[in-house]
Chemist: 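Can you keep this structure in mind? I'll have questions shortly.
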Amino acid sequence: MSIDSAHLEARRELVKRLAESEAPRHYWHLGDEDGRAWLFESVEGDGEHWAVRQVEVGAGRAGRAARRYWWRHLQDGQGFLSDQPLEIWELTEITPEAFEAVWAAAG
């Protein structure tokens with residue numbers, strides 16, 4: 001196993017552990033002037049908000065209207081699940097139902 005694949009597997013396990021935890025969940029939205037949007041489900045840990053699921057929607061999505069990232073699909077040639085704590089002051093909190101609707105539609 002290469003260092004990159006070992007790192008990816010370690011990250012996958014960490015994200016899976018967070019996603020399956022009983023920690024409080026929050027749901028967020030961020031949009032830009034080009035019509036793109038990012039939605040996140042975050043889990044609190046060590047005073048930070050960590051993305052455990054992420055949906056990217058909008059302009060520039062090669063061949064797809066949306067892309068989903070989570071522990072089973074951390075990255076691809078178009079993007080990746082955020083690997084840094086979310087800067088929540090830049091985000092708008094949304095309802096779990098709003099996030100789930102977009103997540104399901106992107107599937």
Side-chain angles (χ1 to χ4, degrees):
M1 184 179 296
S2 72
I3 292 174
D4 286 340
S5 62
H7 175 75
L8 185 62
E9 284 307 310
R11 186 165 184 288
R12 184 180 323 281
E13 286 303 312
L14 175 62
V15 173
K16 181 181 179 190
R17 192 167 46 249
L18 284 171
E20 293 176 347
S21 77
E22 296 296 323
R25 305 280 199 247
H26 295 275
Y27 300 87
W28 309 96
H29 171 270
L30 174 68
D32 71 12
E33 63 278 351
D34 295 328
R36 291 178 299 213
W38 293 264
L39 285 80
F40 304 94
E41 175 185 1
S42 72
V43 173
E44 292 183 54
D46 296 329
E48 303 280 357
H49 286 263
W50 297 91
V52 293
R53 290 193 295 166
Q54 173 180 321
V55 183
E56 297 179 17
V57 181
R61 302 278 31 130
R64 293 189 58 186
R67 300 196 70 79
R68 300 186 330 170
Y69 300 100
W70 58 311
W71 70 266
R72 290 186 189 256
H73 183 74
L74 288 177
Q75 64 185 32
D76 57 29
Q78 302 297 312
F80 58 92
L81 179 69
S82 178
D83 60 357
Q84 301 294 313
L86 297 176
E87 296 179 356
I88 62 172
W89 57 88
E90 296 180 349
L91 306 174
T92 301
E93 194 158 11
I94 60 174
T95 66
E97 296 80 14
F99 178 89
E100 293 298 340
V102 175
W103 180 263

Chemist: Measure the spacing between CH2 of Trp70 and CD of Glu41 and express it to the nearest 0.5 Å.
Modeler: 11.0 Å

Chemist: To the closest 0.5 Å, what do you measure between CG (Asp76) and CZ (Arg67)?
Modeler: 3.5 Å

Chemist: Using the test side-chain contact (heavy atoms from CB on, under 4.5 Å), find all partners of Trp50 that sit at least two apart in sequence or belong to another chain.
Modeler: Leu18, Glu48, Pro85

Chemist: Could Glu9 and Arg12 be called an ion pair, given the rule that one side-chain N must be under 4.0 Å from one carboxylate O?
Modeler: yes

Chemist: What is the minimum heavy-atom distance between Ala19 and Val52, and which atoms define it?
Modeler: N-CG1, 3.8 Å

Chemist: To the closest 0.5 Å, what do you measure between CD (Glu93) and OG (Ser42)?
Modeler: 7.5 Å

Chemist: To the nearest 0.5 Å, how far apart are CZ in Arg25 and CZ in Phe40?
Modeler: 15.5 Å

Chemist: Looking at CZ of Arg68 and CZ of Arg53, how far apart are the two atoms once the value is rounded to the nearest 0.5 Å?
Modeler: 8.0 Å

Chemist: Once rounded to the nearest 0.5 Å, what's the spacing between atom OG1 of Thr95 and atom OH of Tyr27?
Modeler: 9.5 Å

Chemist: Do Val43 and Leu91 land in one hydrophobic cluster if side-chain heavy atoms of ILVMFWY residues count as linked below 4.5 Å?
Modeler: no

Chemist: Please name the pair of heavy atoms, one in Gln75 and one in Phe80, separated by the smallest distance, quoted to 0.1 Å.
Modeler: CB-CB, 3.6 Å

Chemist: Applying side-chain contact (heavy atoms from CB on, under 4.5 Å) between His29 and each of Val102, Ile94, Val57, report the one that passes.
Modeler: Ile94

Chemist: Is it the case that the side chain of Asp32 and the backbone of Asp34 share a donor-acceptor pair, with hydrogens and angles ignored and the cut-off at 3.5 Å?
Modeler: yes

Chemist: Could you see if Leu81 belongs to whatever hydrophobic cluster contains Leu14? Use Ile, Leu, Val, Met, Phe, Trp, Tyr and a side-chain cutoff under 4.5 Å.
Modeler: no

Chemist: Ring pair (Phe, Tyr, Trp, His ring centres under 6.0 Å) with His49: which residues, sequence neighbours excluded?
Modeler: His26, Trp28

Chemist: Sub-3.5 Å donor-acceptor pair from the side chain of Gln54 to the main-chain atoms of Trp38, do we have one?
Modeler: no

